[in-house]
Amino acid sequence: MAAHKIKHALFCALITLIISYPILGLNLEAQGINVTLSGADAGTLMLVFLAAVLVFLFQLFRDHIMGKVRALPFLQPSQREAMAENKRARIESWVITGIVVLALFWPFFVSRGAVDLATLVLIYIMLGLGLNVVVGLAGLLDLGYVAFYAVGAYTFALLSQYVGISFWMSLPIGACLAALFGLVLGFPVLRLRGDYLAIVTLGFGEIIRILLNNWTSLTGGPNGIGGIPEPTLFGMEFGRRVKGEGNTSFHETFGIAYSSEHKVIFLYLIALLLAVFTALVIRRLMRMPVGRAWEALREDEIAARSLGLSRTAVKLSAFTIGAFFAGFAGTVFASKQGFISPESFVFLESAIVLAIVVLGGMGSQIGVILAATAVTILPELAREFSEYRMLVFGAAMVLMMIWRPQGLMPMRRMHIELKGQE
Amino acid sequence: MLEVKNLSMRFGGLLAVDQVTLDVKEREIVSIIGPNGAGKTTVFNCISGFYRPTGGKILFRGQEIQGKPDYKISRLGMVRTFQHVRLFNSMTVVENLLVAQHRHLNTNLLAGLVRTPDYRAREKKSLERARYWLERVGLIDLANREAGNLAYGQQRRLEIARCMVTEPTLLMLDEPAAGLNPAETRDLDQLIVSLKEDYNVSVLLIEHDMSLVMGISDRINVINQGRPLASGTPEEIRQNDDVIKAYLGEA
Ligand SMILES: Nc1ncnc2c1ncn2[C@@H]1O[C@H](COP(=O)(O)OP(=O)(O)O)[C@@H](O)[C@H]1O
Ligand SMILES: [Mg+2]
């Protein structure tokens, strides 16, 4: 037993050394055209060695340490009986309304940068909520979700460039086109599950990105597309000068001084509106037959089929609806940036959105909103750490899997009152 | 109502079901018995469309259904339970029953989003149906529990309730008494008889509990190593020499 533990701990320590020594202990230095290899200074080597010792000790006493940590009070799932269901639901809806109202007025009191960041948060919330349908509810691991986001963004960019279509027209078109792509992807992967599905969707995401990158004549390739217009409010533009034909300008109409902040705030409000819309629609869907069918398929596909659910219809609807909201988010993103290129739609984006869903708690909307906020804002707060963003991400995921595999805010099932109903 | 003619199912070199013929009439309880590995579940899987039989015909109300997709077969009014309980574990008990009523609900997305009167009316009806069956199987107090947290016997009953809310005409039960204690088995016995008498459902039953089978079956089919061994009323089966030999040989 003990010997086995020591062996295991030694092995882990050795792995630590093998991985960290070449990375940290050896430096490549460019001298003219030659590259030379040199050892790092003694301090670094000491640190690497120390890390290995630490790993050794941790692995040796792991059961002991983990047992202690697990017993910490704040990690215990709350044991107290849930308060009366209807009361809880009422409080919850009040809190949510409060947050939305606060979010409505908040941008008028903070800096432009903060509002900009908040818009990004809202975009990620939309993406998270949409992917939550596919991954959290229907249980289909989709690693190419960014493709639909790209479809939404590029639809707006291209339509505005070639046809001169406005944001509001493009919003439904982009979303529907993304949904169509979702449907198209859905067909070939109907029979796939788990890892296989993940790999195929991953490939699909890359195909879209590479297509955008190489179809230079249409998309401008890596140079991207610029000059994407901002949304207008009933034909009023937010720029200093009116660009679109027949449009007026916001600040002139209302007789106020021009301020570049108007535009940012307006975009934020649109994103807020769309995010709330997304949340409400998906919330409703979850309580509809289609939402329950998604979950049933995730829980037990064979049982679902034996009860008359068509796997095809259920899976395709999940992919399509998930993609639809990614298209939404994409259109807002394109409008916010004013410029898009394939750079914005790399696999990392899919991974981030997936992380949001997993961290937030599969199927839980509040959880996804919290996680989207955290994942977007934290790296901004600690910019010095932005290099380590992925490292922190990974660590957070591992820790979550150990202590709260169900996510920050696990999904709560809806309470359905049956008695006393006639 | 259900006619199975010369059904065969081959898995590679293994002929799991060999020329099985059986039929179920309206309001009848028909059992399939046989030692483990005899091919009983495989017969179920063929009838319910999980497997495409390699030979033979299956007729439901005169319509050939062999090879049809499973979900279409279940929509014809023929639903089954599984040898190992298959519930939607992290969904609540009511939700399990609502999923099953997909066919009775208004599944139009727009209708659901704006909650049209028709949508609401159907939803109300299916909740009512769920309530009715939960009371019938004694699970009403657990309606909002997660199905996976129920005790084993309760899960078995929920599985039957989940079939019944689809309003089937033929119910296929795969070893429903497995793992139940004697009291629960007695309740199950009564429930199955009541399904036939009060709800006009025909039942096709796979079961090892001989007293249950002998007590409630109108007819019994015995299968051994994929081949039909005997069929007839419980009395005939009890006295059939082949059956006695096969079962004694087994033991
Ligand atoms: N999908 C399958 N692939 C291969 N062999 C199978 C499959 N399903 C069942 N079998 C085989 O068919 C035979 C009958 O199994 P089954 O129908 O489960 O028996 P029973 O339900 O009567 O105990 C067994 O030998 C089993 O191994
Ligand atoms: Mg079996």
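Chain A is the first sequence line, chain B the second, and so forth, proteins listed ahead of strands; every chain is numbered from 1.
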Distance in Å, [X] [atom1] paired with [Y] [atom2], rounded so as to fall on 0.5 Å steps:
X	Y	atom1	atom2	result
A:Arg292	B:Asn96	CZ	CG	11.0 Å
B:Leu113	A:Arg284	CG	CZ	7.0 Å
A:Ser306	B:Glu159	OG	CD	8.0 Å
A:Leu307	B:Arg80	CG	CZ	10.5 Å
B:Ser90	A:Met362	OG	CE	11.0 Å

Contacting moiety of [X], where chain A heavy atoms sit under 4.5 Å:
X	answer
B:Leu105	side chain
B:Gln101	neither
B:Asn144	side chain
B:Leu109	both
B:Thr92	both

Would you find more than 12 non-hydrogen atoms of other residues, nucleotides or ligands less than 6.0 Å from [X] atom [atom1]?
X	atom1	value
B:Arg122	CZ	yes
A:Asp195	CG	no
B:Arg120	CZ	yes

Just give me the residue among B:Met78, B:Arg115, B:Arg103 that pairs up with chain A most often, heavy atom to heavy atom, under 4.5 Å.
B:Arg115
With a 4.5 Å cut-off on heavy-atom pairs, point out which of B:Val94, B:Thr81, B:Leu76, B:Val79 contacts chain A the most.
B:Val94
Residues forming a side-chain contact (heavy atoms from CB on, under 4.5 Å) with A:Tyr196, sequence neighbours excluded:
A:Leu192
Pick one of side chain, backbone, both or neither for A:Arg287, based on which atoms fall under 4.5 Å of a heavy atom in chain B.
backbone
Side chain / backbone / both / neither for A:Leu297 at chain B, heavy atoms under 4.5 Å:
neither
Check whether A:Glu295 reaches the backbone of B:Met91 with its side chain - one donor and one acceptor, N or O, closer than 3.5 Å.
no
Under 3.5 Å: donor-acceptor pair, side chain of B:Arg75, backbone of A:Gly308
yes
Quick one: closest heavy-atom pair of B:Phe88 and A:Ala303, and the distance?
CE2-CB, 3.9 Å
If every non-hydrogen atom of B:Arg86 is compared with every non-hydrogen atom of A:Asp300, which pair is closest and at what distance?
NH1-OD1, 2.8 Å
Within-4.5 Å side-chain heavy-atom neighbours: B:Tyr119 and A:Met288
yes
